[in-house]
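The structure appears below as structure tokens.
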Amino acid sequence: MALDKYQIAQRIAKELQDGYYVNLGIGIPTLVANYIPEGINVILQSENGLLGMGPFPEEGKEDADYINAGKQTITTLPGSAFFDSAMSFGMIRSGKVNLTVLGAMEVSEQGDIANWKIPGKMVKGMGGAMDLVASAKNIIVAMMHTNPKGESKLLPHCSLPLTGVQCVKKIVTDLAVIELTANGFKLLERAPGVSVEEIKNKTAGKLMVEGNVPEMQF
Amino acid sequence: MALDKYQIAQRIAKELQDGYYVNLGIGIPTLVANYIPEGINVILQSENGLLGMGPFPEEGKEDADYINAGKQTITTLPGSAFFDSAMSFGMIRSGKVNLTVLGAMEVSEQGDIANWKIPGKMVKGMGGAMDLVASAKNIIVAMMHTNPKGESKLLPHCSLPLTGVQCVKKIVTDLAVIELTANGFKLLERAPGVSVEEIKNKTAGKLMVEGNVPEMQF
Amino acid sequence: MNKVFTNADDAVKDISNGAVIMLGGFGLCGIPENCIAALVKKRVNNLTCISNNAGVDDFGIGLMLQQKQLKKMIASYVGENAEFERQLLSGELEVELIPQGTLATRCMAAGYGMPAIFTPAGVGTEVATGKEIRNFKGKDYLLEEAFDADFAIVKAWKGDTQGNLIYKATARNFNPMMAMAGKITIAEVEELVEPGELDPNQIHTPGIYVHRIFQGVNYEKRIEQRTVRQLAN
Amino acid sequence: MNKVFTNADDAVKDISNGAVIMLGGFGLCGIPENCIAALVKKRVNNLTCISNNAGVDDFGIGLMLQQKQLKKMIASYVGENAEFERQLLSGELEVELIPQGTLATRCMAAGYGMPAIFTPAGVGTEVATGKEIRNFKGKDYLLEEAFDADFAIVKAWKGDTQGNLIYKATARNFNPMMAMAGKITIAEVEELVEPGELDPNQIHTPGIYVHRIFQGVNYEKRIEQRTVRQLAN
């Protein structure tokens with residue numbers, strides 16, 4: 001059965017390691033914060049200027065001056081630090097952020113990603129995504145395997161304007177965990193009960209399948 | 001009579017205007033701070049990271065963490081701000097410092113300045129001088145008119161390695177106030193009792209003298 | 001040397017049609033509410049605005065968009081503004097969308113006296129169109145020029161009459177870089193104090209960068225996405 | 001994730017011969033005294049040191065010079081050190097003197113992920129020799145590359161166990177940029193506290209930049225030019 005967005009976040013959380021500084025994009029990536037494994041310490045970077053992002057505030061304790069990159073009200077944690085946007089993207093560009101998780105509209109076999117613009121339809125802007133994908137050492141995409149029309153979002157080449165090139169390392173969808181290799185997409189894990197065949201059918205780009213592909217563990 | 005170093009500083013202080021941010025180099029320039037005219041507010045920038053430098057501390061109140069660019073113990077004033085060296089030279093490069101006063105070994109007719117190195121003899125380094133002369137809008141040199149051997153320090157061309165090119169706007173020496181023009185040195189004022197003839201004799205570069213040259217007023 | 005202005009109307013008095021203006025803030029957080037209101041009231045137009053976002057329809061820069069005061073908007077994300085999208089798609093508004101880090105760093109470059117910077121953001125995308133690409137140690141970077149703004153308008157938490165500023169929490173965002181970048185920098189603060197009341201070790205923007213300062217009034221500080229704690233899943 | 005080290009010996013243990021090291025401080029102000037002492041004790045050699053100054057004969061980096069531990073020194077001003085001058089003139093020590101702002105900005109560039117910066121400092125002088133010159137809007141600038149240091153060693157006033165740092169007064173100087181620039185950054189602090197004890201709004205170096213931290217001991221904090229107030233003239 002395909003994962004829901006919470007389970008996608010839960011699976012991605014397993015990629016976290018102790019001491020990681022992590023930037024979580026808007027949408028499913030934000031949910032990853034709810035599943036940080038016990039016993040490891042992960043520090044969330046919010047590119048508007050905060051390290052050590054805490055949970056949402058309790059009702060009535062929202063402060064307009066405390067927001068995350070999704071403009072949501074947030075709190076700090078012991079050890080948090082505020083900084084300006086130049087320093088924020090400085091730490092991103094200099095590779096200090098260990099992992100970036102973000103959503104995508106399309107990912108190509110080469111690891112290209114498109115997630116900021118649909119010509120003639122949607123003009124929202126790239127925000128910090130282009131900086132993040134151009135610099136992060138490790139980039140995981142969290143997305144549905146297909147778009148609302150049922151078309152694959154894992155393509156030989158992106159059709160939409162790119163956000164970055166050859167940068168995605170891993171994709172976690174509702175159906176699969178996929179690694180980006182020199183030879184294209186490689187299937188690492190299946191969602192529980194989802195067949196290799198179904199994943200193949202819903203992956204427009206070349207998909208390598210080696211041996212027995214295990215089901216995701218939670 | 002030739003000025004002493006205190007009088008040179010005193011004469012330079014007359015160039016200060018209300019609201020000026022000023023960087024004073026080591027030596028005679030530092031003394032300028034003692035002669036800031038009444039009624040005007042001048043803020044001193046120390047390039048190691050302080051705006052609003054105050055006087056030296058009282059005996060016994062020296063703090064090793066409070067120093068100026070000459071490594072002297074200093075104090076702050078109400079409204080002071082500390083910052084790092086990158087921001088310090090940022091404000092210098094972006095032209096926020098209104099006036100820079102520094103010493104020199106040689107100045108040329110073109111406004112070139114040499115003050116950091118005597119090949120084979122003295123190797124101290126340029127410190128912040130190259131940044132200051134490359135960026136400051138207004139640069140006044142404070143120096144003796146001649147070197148200890150009696151040779152002119154105002155030359156057709158500098159013989160020593162340059163600190164910056166075509167940057168000096170004005171020179172105040174023990175003998176004269178001189179402006180840098182497209183046509184070379186221009187004599188503006190004489191030290192009290194010093195003749196135009198003497199200044200001419202001690203100026204190796206071309207010196208323009210127009211009309212009656214007034215004595216400096218203090 | 002008096003940097004203190006009475007109010008926003010006074011501080012923005014000489015901003016005229018066609019000016020290039022930077023405005024601090026991220027979303028609606030840390031925006032110069034008072035100055036925006038004054039610019040709306042003043043109906044100055046043909047402006048080029050440099051700001052991370054374009055506000056929402058009825059707050060922030062959105063208020064100026066409603067009155068069609070903008071000729072051009074340079075931003076990184078404009079997703080919450082229907083009027084913006086309408087003006088963009090109809091061609092009424094010129095828009096330059098650039099990566100957020102590039103926006104921040106082009107402000108910083110101006111404030112630090114650097115004419116241009118190199119960034120990898122946008123390499124291989126349409127953002128790179130027409131830009132110089134240069135390879136350093138095997139990686140490609142775009143050459144991006146420093147901004148050149150007539151005015152920078154920022155919002156701080158506390159400030160003193162010499163122009164020293166302290167921002168609060170994530171309301172800091174673009175404000176410090178923009179404060180450094182303006183030919184004339186106008187700061188509105190929630191609390192204006194005398195010199196000496198701010199700890200010199202804690203100042204985010206030294207006064208040398210600030211030309212005008214005033215204590216703002218009636219801050220709404222609207223929250224864009226009020227989100228409160230709930231149990232996971 | 002434990003960033004806390006016992007002491008300087010522990011923190012510099014893996015700095016080996018030939019390493020490229022940045023050291024914070026301006027003159028003797030804000031220098032990492034404990035780490036310098038540990039490097040002297042360790043007798044690691046063939047080092048390239050990037051620091052604004054070279055200390056004095058018997059303190060700061062001067063202590064390493066006495067033991068001939070340096071292969072190369074990159075600094076802006078080295079005027080207070082006779083042993084330095086001797087090694088330089090005799091050719092024992094390789095020296096690169098660069099403008100102070102260039103030094104600061106090349107550190108900043110590394111910390112901000114910018115491969116190079118443009119600065120007007122040194123145009124027309126021997127500092128420009130062999131460097132690319134580029135004109136922007138009528139003014140010439142030198143292209144200066146970001147530093148690439150194995151270790152950055154900085155000294156802060158207060159720090160927490162997550163690596164957040166606060167510097168004191170002018171002891172800040174080069175420390176924040178160097179902290180950002182090291183592949184491995186070691187911070188020694190006068191006071192090491194638990195997370196939450198430092199105000200997140202007042203942190204100068206966020207912990208993400210700091211890999212190792214320890215509370216230093218026995219700070220001498222030597223004053224180079226003790227100067228006290230006297231009547232003018």
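In what follows, chains are A, B, ... by sequence order, proteins preceding strands, each numbered from 1.
Looking at C:Val78, the atoms closer than 4.5 Å to chain A (heavy atoms on both sides) sit in the backbone and in the side chain alike. Only the backbone of C:Ile98 comes within contact range of chain A, judged by heavy atoms closer than 4.5 Å. Neither the backbone nor the side chain of A:Ser46 comes within contact range of chain C; no heavy atom of the residue lies under 4.5 Å from a heavy atom of that chain. Residue C:Glu190 touches chain A through its side chain alone, counting heavy-atom pairs closer than 4.5 Å.
With a 6.0 Å radius and a threshold of 12 heavy atoms from other residues, nucleotides or ligands, A:Lys5 has its NZ atom at or below the threshold. Counting heavy atoms of neighbouring residues, nucleotides and ligands inside a 6.0 Å radius, atom CG of C:Asn218 does not exceed 12 of them.
Distance CZ/C:Phe26 to CG/A:Asp84: 13.5 Å, rounded to 0.5 Å. Of the inter-residue distances, the one linking C:Tyr77 atom OH with A:Met126 atom CE reads 12.0 Å to the nearest 0.5 angstrom. To the nearest 0.5 angstrom, A:Met130 atom CE is 9.5 Å from C:Leu142 atom CG. In this structure, CG on A:Asp65 lies 13.0 Å from OH on C:Tyr167, to the nearest 0.5 angstrom. Atom CE of C:Met108 is separated from atom CZ of A:Phe89 by 12.5 Å, given to the nearest 0.5 angstrom. Rounding to the nearest 0.5 angstrom, the gap separating the CD1 atom in A:Ile74 from the OG1 atom in C:Thr227 is 10.0 Å.
Considering only heavy atoms from C-beta on, A:Ser85 comes within 4.5 Å of C:Met177 through its side chain. Between A:Lys124 and C:Leu97 there is no side-chain heavy-atom pair separated by less than 4.5 Å. In this structure the side chain of A:Glu62 reaches within 4.5 angstrom of the side chain of C:Ile223, judged on heavy atoms.
Here A:Pro55 is the residue among A:Gly70, A:Pro55, A:Ala9 with the most heavy-atom pairs under 4.5 Å with chain C. By number of non-hydrogen pairs under 4.5 angstrom with chain C, the leading residue of A:Gly128, A:Pro57, A:Pro161 is A:Pro57. For the set C:Ala104, C:Gly79, C:Gly101, the count of heavy-atom pairs under 4.5 angstrom toward chain A peaks at C:Gly101. Taking A:Ala129, A:Ala69, A:Gly90 one by one and counting their heavy-atom pairs under 4.5 Å with chain C, the maximum is reached by A:Ala69. Counting heavy-atom pairs closer than 4.5 Å to chain C, the top residue among A:Val165, A:Thr76, A:Asn48 is A:Asn48.
Legend: residues meeting side chain to side chain donor-acceptor pair (under 3.5 Å) with C:Asn81, ordered by chain and number and at least two apart, are absent.
Looking at C:Thr170, its side chain does come within 3.5 Å of a backbone N or O of A:Ile67 through a donor-acceptor pair. Within the 3.5 Å criterion, the main-chain N or O of C:Gln100 finds a donor-acceptor partner in the side chain of A:Asp131. The closest donor-acceptor contact from the side chain of C:Thr125 to the backbone of A:Gly164 lies at 3.5 Å or more, if one exists at all.
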Do A:Lys61 and C:Val228 pass the side chain to side chain contact (heavy atoms under 4.5 Å, CB included) test, and can you show the C-alpha distance, the side-chain angles, and the key distance before you say yes or no?
CA-CA 8 Å; A:Lys61 295 204 173 158; C:Val228 294; over 6 Å; no
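Taking 4.0 Å as the cut-off between side-chain N and carboxylate O, C:Lys168 and A:Asp63 count as a salt-bridged pair.
Of residues 93-117 of chain A, those residues lying under 4.5 Å from chain C by any heavy-atom pair are A:Arg93, A:Trp116, A:Lys117.
Nearest approach of A:Ala64 to C:Lys221, heavy atoms of both residues: CB-O, 3.2 Å.
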